[in-house]
Amino acid sequence: AAQAARRAAAPVLAGIPSGWRNNPSQPQRVSFDGEHGAVEVAYRFHRGGVDLAVDGAPVDGLRLRECRPDVVDLETGGVRRRFEVHRVGAEHFVDSPLGPVALRERPRFPETAGAVERGSLTSPLPGVVRRVTVAVGERVAAGAVLVVVEAMKTEHRVATSHPGVVRELLVAEGQQVDAGMPLAVVDADGQAQDDANPAPERRE
């Protein structure tokens, strides 16, 4: 229902389902907070229909009969059910023969710029970590490439803008990352000492 609403609001090509590709690709993912905790849904449209997984478990025998911003009609395991969806902001209120459910959609692209630690290198876009070229404790020069992220068959090299020492590596090769996600932390020369010995408080 959420993807149908996004497509309905799209200024171009609204008839194409979100996440549809000519070639197989990674599934689209969205997470919700519900009464019993977090739920992750992964879906991928293709010529034969749609693949769906909930919390990593594939939903077999799925047939999507209808999908609108307010209604989802699908069949699983030979049982057909109709889900009515009412959305208020990030809240989704779902009614079906299984009973009512309230789900809060987590931001797909959370704002992380103000929350990252000083010296952090972040991913410029969603993708997959292909290479990590340094180790924790290694000294690096300004411009050194620390992580290579691949997206749309293009490699993006994430380099440090300052010389220093790699304090943390927050990702591993093969890991999927979102735009703005911290990848590594580099302490600039003199930064670690400054953090350990902050300037004394000035009193008037």
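Hydrogens, waters and symmetry mates are skipped; everything else that's a heavy atom, side chains included, is used.
Taking every heavy atom of both residues into account, Ala151 and Pro126 meet most closely at CB-O, 3.3 Å. Taking each heavy atom of Pro124 and Val158 in turn, the nearest pair found is CD-CG2, 3.9 Å. The heavy-atom pair separating Val177 from Ser123 by the smallest distance is CG2-OG, 3.6 Å. Closest heavy-atom contact between Val185 and Ser120: CG2-OG, 3.6 Å. Between Pro100 and Asp95 the shortest heavy-atom distance is CB-OD1, 3.4 Å.
In this structure, Val165 stands alone, with no Ile, Leu, Val, Met, Phe, Trp or Tyr side-chain heavy atom under 4.5 Å from its own, directly or through other members. Val145 shares a hydrophobic cluster with Val148; the chain of contacts runs through ILVMFWY side chains whose heavy atoms sit under 4.5 Å apart.
Residues Val88 and Phe93 have side chains in contact (heavy-atom distance under 4.5 Å, counting atoms from C-beta outward). With contacts defined as side-chain heavy-atom distances shorter than 4.5 Å, the pair Arg167/Val186 does not qualify. Contact of the His156 side chain with the Leu125 side chain is registered, since non-hydrogen atoms from C-beta on lie closer than 4.5 Å. Contact check for Pro69 versus Val85: no side-chain heavy atoms found under the 4.5 Å cut-off.
In this structure, CG on Asp51 lies 5.0 Å from CZ on Arg44, to the nearest 0.5 angstrom. Here the SG atom belonging to Cys67 is positioned 6.0 Å from the CZ atom belonging to Phe45, to the nearest 0.5 angstrom. Between the OG1 atom in Thr133 and the CG atom in Leu146 there is a gap of 5.5 Å [rounded to 0.5 Å]. Atoms CG and CZ, from Leu74 and Arg82 in turn, are 11.5 Å apart once rounded to the nearest 0.5 Å. For the atom pair CG of Leu170 and CD of Gln175, the computed distance is 9.0 Å after rounding to the nearest 0.5 Å. The CG atom of Leu169 sits 10.0 Å away from the CG atom of Leu121 when rounded to the nearest 0.5 Å.
In this structure Phe32 satisfies the ring-ring contact (aromatic ring centres under 6.0 Å, His included) test together with His92, sequence neighbours excluded. With sequence neighbours excluded, the residues satisfying side-chain hydrogen bond (donor to acceptor under 3.5 Å, both in side chains) with Asp33 are Arg106. Judged as a side-chain hydrogen bond (donor to acceptor under 3.5 Å, both in side chains), and not counting sequence neighbours, the contacts of Arg68 are Glu66, Asp70.
Linking Ile, Leu, Val, Met, Phe, Trp and Tyr whenever their side-chain heavy atoms come within less than 4.5 Å leaves Val71 and Leu52 in two separate clusters. Under a hydrophobic-cluster definition in which Ile, Leu, Val, Met, Phe, Trp and Tyr are linked whenever side-chain heavy atoms come within less than 4.5 Å, directly or via other members, Val79 and Val72 are assigned to different clusters. There is a path of hydrophobic side-chain contacts, each under 4.5 Å, that joins Val39 to Val94.
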query: Which is it for Thr76 and Arg81 under the side chain to side chain contact (heavy atoms under 4.5 Å, CB included) test, yes or no, and what are the steps along the way?
result: CA-CA 8 Å; Thr76 56; Arg81 296 186 178 93; 3.9 Å; yes

- request: Please lay out, stage by stage, how Glu150 and Arg131 fare under the test salt bridge (charged side-chain N to carboxylate O under 4.0 Å, His left out).
  value: CA-CA 9 Å; Glu150 180 182 326; Arg131 291 193 300 280; over 6 Å; no

message: Apply side chain to side chain contact (heavy atoms under 4.5 Å, CB included) to residues Arg157 and Val149 and explain how you reach the verdict.
response: CA-CA 6 Å; Arg157 300 181 177 185; Val149 177; over 6 Å; no

What side-chain donor-acceptor pairs closer than 3.5 Å can you find for residues 54-65, not counting sequence neighbours?
{"unit_1": "Asp55", "atom_1": "OD1", "unit_2": "Glu40", "atom_2": "N", "d": "2.8"}
{"unit_1": "Arg65", "atom_1": "NE", "unit_2": "Glu75", "atom_2": "OE1", "d": "3.3"}
{"unit_1": "Arg65", "atom_1": "NH2", "unit_2": "Glu75", "atom_2": "OE1", "d": "2.8"}

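Checking side-chain atoms of Arg87 against main-chain N and O of Gly89 turns up a donor-acceptor pair under 3.5 Å.
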